[in-house]
Student: 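Please read through the structure below; I'll follow up with questions.
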Amino acid sequence: MPEVQELVDVDDPAWPVLLEELSSTSVSVKVLPGDAAVGRASLWQLQVSARSNLGGIVLNCGGLLVDGGWLRIFGSPLGSDAEGLPSLAEVNAMPSTFDPAWRPGAGLVVAHDALGGVFALNGGDPRAAGRPGEPGEVVYFAPDALGWTPLGAGHSAWLSWILAGGLHEFYGDLRWDGWRTDVSVLTGRQGLSFFPPLWSAEARRDLLAAGRRAVPMAQLLALSRDSCLQFDGADPGFLGAA
């Protein structure tokens with residue numbers, strides 16, 4: 001099992017290339033300042049190298065806020081970060097000290113969106129975990145459908161798709177007039193709760209007419225999980241710890 005220095009000190013780190021991609025995209029992306037110590041510890045626990053975009057983000061920044069915070073891609077933020085974004089380690093309930101036996105279970109949560117949607121990297125046996133897609137594929141838990149959807153891409157391709165503007169079509173009717181204003185007041189630990197809920201026929205007919213308010217992301221994720229269990233008894237599994 002590689003030591004942390006082997007994972008950090010690589011000849012071809014992904015971060016410089018990713019920074020170039022971030023500087024050339026027309027998509028709004030804010031790069032948050034990172035905590036180097038947390039980043040190194042997380043890289044070691046995950047056993048991923050700085051050659052990957054996942055490793056580069058975790059090691060070098062506090063996360064990425066896309067489209068004004070609509071999408072929050074987790075990294076290793078400074079404790080004093082005003083955006084309040086949790087770390088990848090916190091969201092995935094990683095141990096505080098290195099544990100070689102720890103695994104991210106069904107999958108590694110890599111991002112949340114303002115609606116309570118969850119992007120995760122599948123683990124080694126998605127079917128055993130009750131999830132679609134292949135090992136290492138990004139899957140999305142949709143709060144309007146209360147289920148997981150495979151996206152047909154690994155982490156690097158998923159990130160490139162985001163920076164190419166893929167979110168605009170992906171969210172489609174789930175973005176309403178004024179969504180940017182509503183999202184701008186959220187912290188990195190909040191999402192928008194709708195009533196009637198996003199999965200209801202009423203919200204599908206007229207999303208703008210639905211009431212919405214800021215709530216803790218943990219509460220929003222718990223509501224989605226409870227709704228899944230109530231309707232068909234299917235547990236969506238781990239959606240993130242924060």
Side-chain angles (χ1 to χ4, degrees), residues 14 17-18 21-22 24-29 31 46 48 51-58 61 63-75 85-86 88 91-92 103-175 179 183 188 191-192 198-199 204 207 217 220-221 224-225 227-228 232 234-242:
V17 178
L18 182 54
E21 196 171 358
L22 288 168
S24 63
T25 181
S26 61
V27 176
S28 169
V29 183
V31 181
L46 291 170
V48 299
R51 291 188 181 91
S52 67
N53 279 339
L54 174 61
I57 290 170
V58 171
C61 77
L64 307 176
L65 298 180
V66 183
D67 284 346
W70 175 280
L71 180 66
R72 304 93 181 260
I73 299 175
F74 301 117
L85 194 70
L88 184 83
V91 168
N92 287 281
R103 297 292 182 273
L108 185 75
V109 175
V110 293
H112 285 155
D113 65 37
L115 305 178
V118 182
F119 292 90
L121 275 177
N122 267 341
D125 193 349
R127 285 160 185 77
R131 292 188 179 177
E134 300 302 319
E137 184 175 353
V138 179
V139 292
Y140 177 67
F141 177 81
D144 60 322
L146 297 178
W148 292 96
T149 300
L151 301 186
H155 184 273
S156 291
W158 167 74
L159 189 58
S160 293
W161 166 76
I162 289 169
L163 298 180
L167 295 184
H168 178 72
E169 183 178 354
F170 182 77
Y171 286 105
D173 294 339
L174 288 174
R175 284 179 167 177
W179 66 266
V183 168
L192 290 170
L198 289 174
W199 46 259
R204 290 174 185 272
L207 183 61
M217 182 61 72
L220 197 55
L221 298 176
S224 287
R225 192 170 187 180
S227 297
C228 289
D232 58 15
D235 188 346
F238 184 70
L239 300 176

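Side chains included, hydrogens not; waters and symmetry mates left out as well; all remaining heavy atoms used.
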Student: Minimum heavy-atom separation for Arg51 to Ala14, with atom names?
Tutor: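 Answer, listing the atom of Arg51 first, then Ala14: O-CB, 3.1 Å.
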
Student: Step by step, would you call Phe74 with Val58 a side chain to side chain contact (heavy atoms under 4.5 Å, CB included)?
Tutor: CA-CA 7 Å; Phe74 301 117; Val58 171; over 6 Å; no

Student: Using ring pair (Phe, Tyr, Trp, His ring centres under 6.0 Å), reason through Trp179 and Tyr171 one step at a time and then give a plain yes or no.
Tutor: CA-CA 12 Å; Trp179 66 266; Tyr171 286 105; 8.7 Å; no

Student: Quick one: do Glu134 and Arg127 satisfy side chain to side chain contact (heavy atoms under 4.5 Å, CB included)? Show the steps, please.
Tutor: CA-CA 9 Å; Glu134 300 302 319; Arg127 285 160 185 77; 3.4 Å; yes

Student: Indicate the atoms forming the closest heavy-atom contact of Glu137 with Gly152, along with that distance.
Tutor: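 Here Glu137 and Gly152 meet closest at OE2-N, 2.6 Å.
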
Student: Applying the side-chain contact (heavy atoms from CB on, under 4.5 Å) criterion to Val138, which one of Leu159, Thr149, Leu121 satisfies it?
Tutor: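 Result: among Leu159, Thr149, Leu121, Leu121 is the only option passing the side-chain contact (heavy atoms from CB on, under 4.5 Å) with Val138.
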
Student: Can you tell if the side chain of Leu146 reaches within under 4.5 Å of the side chain of Leu198, non-hydrogen atoms only?
Tutor: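 Not touching, per the 4.5 Å side-chain cut-off.
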
Student: Side chain to side chain contact (heavy atoms under 4.5 Å, CB included), that's the test. Do Leu18 and Ile57 meet it? Break it down for me.
Tutor: CA-CA 9 Å; Leu18 182 54; Ile57 290 170; 3.7 Å; yes

Student: Under the ring-ring contact (aromatic ring centres under 6.0 Å, His included) test against Phe119, which residue among Phe141, Trp158, Trp148 passes?
Tutor: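 The option that passes is Trp158.
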
Student: For a quick test of reading the model, state the closest non-hydrogen atom pair linking Thr25 to Leu22 and the distance between them.
Tutor: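 In this case the closest contact between Thr25 and Leu22 is CG2-O, 3.1 Å.
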
Student: Which pair of heavy atoms, one from Pro150 and one from Pro132, lies closest together, and at what distance?
Tutor: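 Pro150 and Pro132 have their closest heavy atoms at CD-CG, 3.6 Å.
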
Student: If you compare all heavy atoms of Gly123 against all heavy atoms of Pro126, which two are closest, and at what distance to 0.1 Å?
Tutor: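 Result for this residue pair: O-CD, 3.7 Å.
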
Student: Between Val110 and Leu54, which heavy-atom pair has the shortest distance, and what is it?
Tutor: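 Heavy atoms of Val110 and Leu54 come nearest at CG1-CD1, 4.3 Å.
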
Student: Is there a side chain to side chain contact (heavy atoms under 4.5 Å, CB included) between Ile73 and Ile162? Walk through the geometry before answering.
Tutor: CA-CA 11 Å; Ile73 299 175; Ile162 289 169; 4.2 Å; yes

